[in-house]
Every structure is written in C-alpha cells, then in structure tokens.
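See below for the structure under consideration.
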Amino acid sequence: SIISLQIRRYDDVLRPASGRLSAEDEYEQTIATLKFSRQLNSRFGLSAQYGFYRNGARQGDAFYKKHVFSVSVEASL
C-alpha cells in the first residue's frame, strides 16, 4: 500500500498594463491531493484519489473551488 499527500500553493501578483492593481490581479492557486494505492496481486492494482483545487483572486468572489474524486483499476497484460 502507498499513501501520497501533496500540497501546493502559488501566489502570483499579475501586473496589468495600466500599472494599477485590483483584487482580481492578485491571483492565488491552492492544490491538495491525497492518493491511496495498493497492488492487489501481480496483475492488478487499485487506487483512489481526492483532489481539492482553488483558483482565482485572493479577495472577493472571483475564484472557484473544485473537489475531484477518482478511482482506478490498473491491469498488466
């Protein structure tokens, strides 16, 4: 069994051509993923993953949040 946790955070200030910053110009991205995987036997493996993503402006409502769940079965020939 393998457990993997990954957290990333990016803070970027976008410089508009006008030189003036607004709340939307202060961009932020946060990503957190958690993955469990297990080799069931020599031919098959199983994994499940959850991801949380937040993108957009640091202030106000100019951002979105996304939750992603996935399950996969790996098979070798």
Side-chain angles (χ1 to χ4, degrees):
S1 295
I2 297 174
I3 299 173
S4 170
L5 175 65
Q6 185 178 96
I7 299 173
R8 291 182 280 173
R9 184 180 180 116
Y10 304 98
D11 291 324
D12 294 327
V13 178
L14 305 175
R15 298 284 175 202
S18 68
R20 291 153 91 204
L21 288 175
S22 68
E24 288 78 20
D25 294 324
E26 296 184 27
Y27 181 80
E28 177 182 0
Q29 181 182 50
T30 303
I31 302 167
T33 59
L34 180 62
K35 181 177 182 179
F36 298 98
S37 60
R38 180 176 178 103
Q39 191 70 30
L40 300 175
N41 57 37
S42 62
R43 292 195 59 194
F44 293 99
L46 181 66
S47 65
Q49 182 170 321
Y50 165 74
F52 171 77
Y53 304 86
R54 183 193 185 281
N55 292 318
R58 292 183 200 156
Q59 301 173 4
D61 294 329
F63 67 89
Y64 74 89
K65 293 180 182 178
K66 180 169 59 170
H67 301 271
V68 179
F69 299 90
S70 63
V71 175
S72 65
V73 176
E74 299 92 22
S76 62
L77 300 175

Checklist entry - Residues in side chain to side chain donor-acceptor pair (under 3.5 Å) with S1, at least two apart? => result R38
Item to check | Single-linkage hydrophobic cluster, 4.5 Å side-chain cutoff, V73 and F36 together | outcome: no
Checklist entry - CG/L34 to CD1/I7 distance, rounded to the nearest 0.5 angstrom? => result 9.5 Å
Checklist entry - Does any N or O in the side chain of Q6 come within less than 3.5 Å of the main-chain N or O of A32, such that one atom is a donor and the other an acceptor? => result no
Next on the checklist: Other members of the hydrophobic cluster containing F52, with the 4.5 Å side-chain heavy-atom rule, please.
Outcome noted: Y50, F69
Checklist outcome for this item: Sorted by chain and residue number, the side chain to side chain contact (heavy atoms under 4.5 Å, CB included) partners of I2 (sequence neighbours excluded) come out as S37
Checklist entry - Do E74 and S72 have side-chain N/O donor and acceptor atoms under 3.5 Å apart? => result yes
Checklist outcome for this item: side chain to side chain donor-acceptor pair (under 3.5 Å) filter on S4, not counting sequence neighbours, yields none
Checklist entry - salt bridge (charged side-chain N to carboxylate O under 4.0 Å, His left out) with R9: which residues, sequence neighbours excluded? => result D11, E28
Checklist entry - Got a sec, which residues hit side chain to side chain donor-acceptor pair (under 3.5 Å) with R43, two or more places apart in sequence or on another chain? => result none
Checklist entry - Of all residues at least two apart in sequence or in a different chain, which pass the side chain to side chain donor-acceptor pair (under 3.5 Å) check with T33? => result none
